[in-house]
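Throughout, a chain's letter reflects where its sequence line sits, starting with A, and its residues are numbered from 1.
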Amino acid sequence: MVTIRLTNSKTRTKEDFVPIDPSNVRMYVCGPTVYDRAHLGNARPVVVFDVLNRLLRHVYGADHVTYVRNFTDVDDKINAEALRRQKAGSPGTLEELIHERTEETIAWYHADMDALGALRPDHEPRATEYIGQMIAMTQGLIDTGHAYAASGHVLFRVRSYKDYGKLSGRSIDDMIAGARVEVAPYKEDPMDFVLWKPSSGEEPGWESPWGKGRPGWHIECSAMSHELLGESFDIHGGGLDLQFPHHENEIAQSACAHPHGDFAHYWLHNEMLQVEGKKMSKSLGNFFTVRDLLDQGIPGEVIRFVLLMTHYRSPMDWTAEKAVAAASKLEDYLVLGARFFDPVVARKTKPAQEVVDALADDLNTHLALTEVDRLLGNARWNELTSTLDFLGLISLGRFEARRAELDASASTILRQTEILTSLRTAAMASKDFSAVDALKSALIAAGVEVRMSKAGVELVPGPDFDSAKLEALQ
RNA sequence: GGCGGGUUGGCGGAGAGGUUACGCAGCGGAUUGCAAAUCCGUGAAGACCGGUUCGAUUCCGGUACCCGCCUCCA
């Protein structure tokens, strides 16, 4: 069996991955707050952990991996948008408008991430469905002295957890010294964070022992991961920006609430995304969503390919140039793969071992892509198509569909080849190439590559091959 | 101010203490009615300074620059 190695943020070293239970490998990844369209930065962890999910399924078996990614649907930005709509005259209660907003955002998210070739996680819990568990966990932390209620809030007592700050490499005292935030008067310690907070009249809220309120952000992930994966599980992932405070707080809560478990064994963090060398931000005007790119005609697999070109722990730069390079590679794979693979054999062919090995080495996706390119260079067509399917870039179904299209056009291609050959033979004698050039242009317009040499004429359907246009030439 | 990450050829981007990464682009050639595609060949690097070593782009230290987090942004 392949040994997977992963860089564990907890230890800052690359370690052999040893699952708690190989028959049920468990992974939790922090998902989006569903207040708006996912931007390109949101797509990075989705693709990175999708690759890890696929690798785990490959190594341990598809039925032996449980992948959970949550939706945070309790949030001020969601409330703000719902309130804006209500003021703009939308019908319904605020609660209904909030629900409407989260439903539509989740649908967008699914559509956009599907386009990137990301498999849906096994569970996609919504925070609002686990409020009971959050209240219970909060109460438990109060009972054991790790939390306290004050002014309608419940706060986690950071000093009660000795390892606080370990994941992110900070000491509580340093953090206080460098803090720039105003400290709420009801806090015992400036670093204490909210587990539960009161809701004002128009904000959504749930009844609790501390009055009507809503959960703090961090407790959501702790409650949902516990409910779905247990006290101890294998991998916890997310963006590097979440390492502090979100993940630090999750660890503190979960470790104190479930002292017999050890929460996540491996913590993985993906680095941030930049655009043309700068941080993506609305003020710089380089902010865009996944949907924006798709609407510009950049296919999802091209976005995915670009994301995989950079290792997940390096900052990655999105550039238009990379998208062009990725699109060109993928076209080569599709055209040549569909032409030369054997659909029956490919279905039974495993992804290339070199590619699996590259991914097993701390998700070295760029090396994996290099190995894919080598498959093409060595004409290993069945492995090429099977591997691209495995990587989520081009499905075998797409190769098959393309092949079917080519087969359907084969006789037409043959006929056009004969026509072009005879026109060319005549033109060679008469030195009048106008008829040849006319047909050539028409063929190129139909996406057919025209190769003419001493040996003769060859017509090869290219990436933009359009069988309808070709048939129209008759 | 505190913590962390990075700096490789024109561009992207790896591995390895000593042997060509690779891809794209470039250049030269073959081929071609034109073109496209293909094939062959080829130049080009390791931010800076020091240390360890027979030998460092690869290990260690420092400097510069860049980036992120410290604000419920992945």
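Between the CG atom of Leu367(A) and the P atom of rG23(B) there is a distance of 13 Å, rounded to whole Å. Distance, Arg12(A) CZ to rC3(B) C1': 9 Å, rounded to whole Å. Atoms CZ (Phe244(A)) and P (rA74(B)) sit 17 Å apart, rounded to a whole Å.
A ring pair (Phe, Tyr, Trp, His ring centres under 6.0 Å) with Phe341(A) holds for exactly one of Phe399(A), Tyr333(A), Trp381(A); it is Phe399(A).
Residue-to-nucleotide contacts include a donor-acceptor pair under 3.5 Å from the side chain of Asp437(A) to the base of rG33(B). In terms of polar N and O atoms assigned as donor or acceptor, the side chain of Lys329(A) never comes within less than 3.5 Å of the base of rC24(B) in a complementary pairing. For His39(A) and rA74(B), a side-chain-to-base donor-acceptor distance below 3.5 Å is present, hydrogens and geometry of angles not being considered.
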- Mind running side-chain hydrogen bond (donor to acceptor under 3.5 Å, both in side chains) on His99(A) and Glu95(A) for me, showing each step along the way? CA-CA 6 Å; His99(A) 185 70; Glu95(A) 201 168 306; over 6 Å; no
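In this pair, His269(A) and Trp267(A) present their aromatic rings parallel. The plane angle is below 30°, not in the 30 to 60° band.
Of the C1' atoms belonging to rC11(B) and rA45(B), the separation is 13 Å, rounded to the nearest Å.
At a threshold of 4.0 angstrom between heavy atoms, the contacts of Arg44(A) with the nucleic acid are absent. Within the 4.0 angstrom heavy-atom criterion, no nucleotide atom of any strand lies near Gln243(A). Ser168(A) comes within 4.0 angstrom of the backbone, heavy atoms only, and of no base. Across all strands, Thr310(A) comes closer than 4.0 Å only to sugar-phosphate atoms, never to a base (heavy-atom distances). Residue Met452(A) is in base contact, counting any heavy-atom pair closer than 4.0 Å across all strands shown.
Comparing rC34(B), rG12(B), rC69(B) by their nearest atom to the side chain of Lys440(A) picks out rC34(B). Out of rA74(B), rG5(B), rC22(B), the shortest distance to the side chain of Thr370(A) is found at rC22(B).
Inspection of the Asp234(A) and Tyr28(A) side chains reveals no N or O donor paired with an N or O acceptor under 3.5 Å.
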